[in-house]
Amino acid sequence: MFLFLLIAMVVVVTAVTLAVVGGGDHEVLPEAAREQLVDPLPATRPVGRADIEALRLPVAPRGYRMADVDEVLARLGAELAERDARIAELESTLAGAQATAVAGPDLFKNPGEEDQR
């Protein structure tokens, strides 16, 4: 009786293992299609807050797909660097304009008095 139960248990475990692993030529479960980045960041205009909020990165078996995350981070880094450079340019232009406006006419000079330097 014990030998019969042991053989039955081995047969059942083998059958379950083959069913799970896929013992034939065909796969029991088809390979899941990889998710792709459906709505990437716009290439024709600067990235806005709404673009970032709407962005959904595809999930892979171990988290997010590294290539998609790297692409998005590189794009955002380039956009931020471009904006920082533009802000610095505008600030220096504004500082130059303010310096010219302040140093423009001599406020202590009498009208009609020539510059005698």
Side-chain angles (χ1 to χ4, degrees):
M1 181 75 171
F2 177 73
L3 186 59
F4 174 72
L5 288 175
L6 183 64
I7 292 172
M9 189 184 315
V10 168
V11 168
V12 168
V13 169
T14 304
V16 169
T17 303
L18 288 176
V20 169
V21 174
D25 312 354
H26 63 286
E27 296 181 27
V28 176
L29 296 175
E31 184 68 32
R34 291 181 159 244
E35 289 186 46
Q36 298 294 322
L37 188 57
V38 177
D39 190 19
L41 298 175
T44 57
R45 62 179 173 77
V47 176
R49 180 181 176 138
D51 296 323
I52 301 301
E53 289 175 354
L55 181 66
R56 296 292 173 257
L57 296 171
V59 179
R62 295 184 301 163
Y64 290 103
R65 295 188 60 216
M66 285 189 268
D68 291 334
V69 173
D70 290 344
E71 178 184 333
V72 168
L73 289 176
R75 172 72 189 274
L76 290 176
E79 292 265 341
L80 288 174
E82 183 178 321
R83 287 180 186 176
D84 288 344
R86 180 71 176 144
I87 288 170
E89 176 187 340
L90 292 173
E91 285 176 344
S92 69
T93 303
L94 178 63
Q98 287 175 342
T100 304
V102 169
D106 189 2
L107 298 177
F108 299 108
K109 186 166 86 169
N110 292 328
E113 187 178 308
E114 296 270 337
D115 189 19
Q116 300 175 357
R117 291 184 205 181

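Note that the structure is a prediction, hence the values are computed from the model and not measured.
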Rounded to the nearest 0.5 Å, what's the gap from CE on Met66 to CG on Asp68? Could you check?
-> 11.0 Å
Give the other cluster members for Phe2, using side-chain heavy-atom distances under 4.5 Å between Ile, Leu, Val, Met, Phe, Trp and Tyr residues; answer none if it is isolated.
-> none
Excluding Met9, membership of its hydrophobic cluster (Ile, Leu, Val, Met, Phe, Trp, Tyr; side-chain heavy atoms within less than 4.5 Å) reads Val13
In residues 76-88, what donor-acceptor pairs under 3.5 Å come from side-chain atoms, sequence neighbours left out?
unit_1, atom_1, unit_2, atom_2, d
Glu79, OE1, Val47, N, 3.3
Glu79, OE2, Arg75, NE, 3.2
Glu79, OE2, Arg75, NH2, 3.1
Arg83, NH2, Val47, O, 2.5
Arg86, NH1, Glu89, OE2, 3.2

ILVMFWY cluster, Val10 and Leu5 together (side-chain gap under 4.5 Å) = no
Remaining members of the apolar cluster that contains Leu3, side-chain heavy atoms under 4.5 Å = Ile7, Val11
Check side chain to side chain contact (heavy atoms under 4.5 Å, CB included) between Arg45 and all other residues, then give those that pass, not counting sequence neighbours.
-> Pro42, Asp51
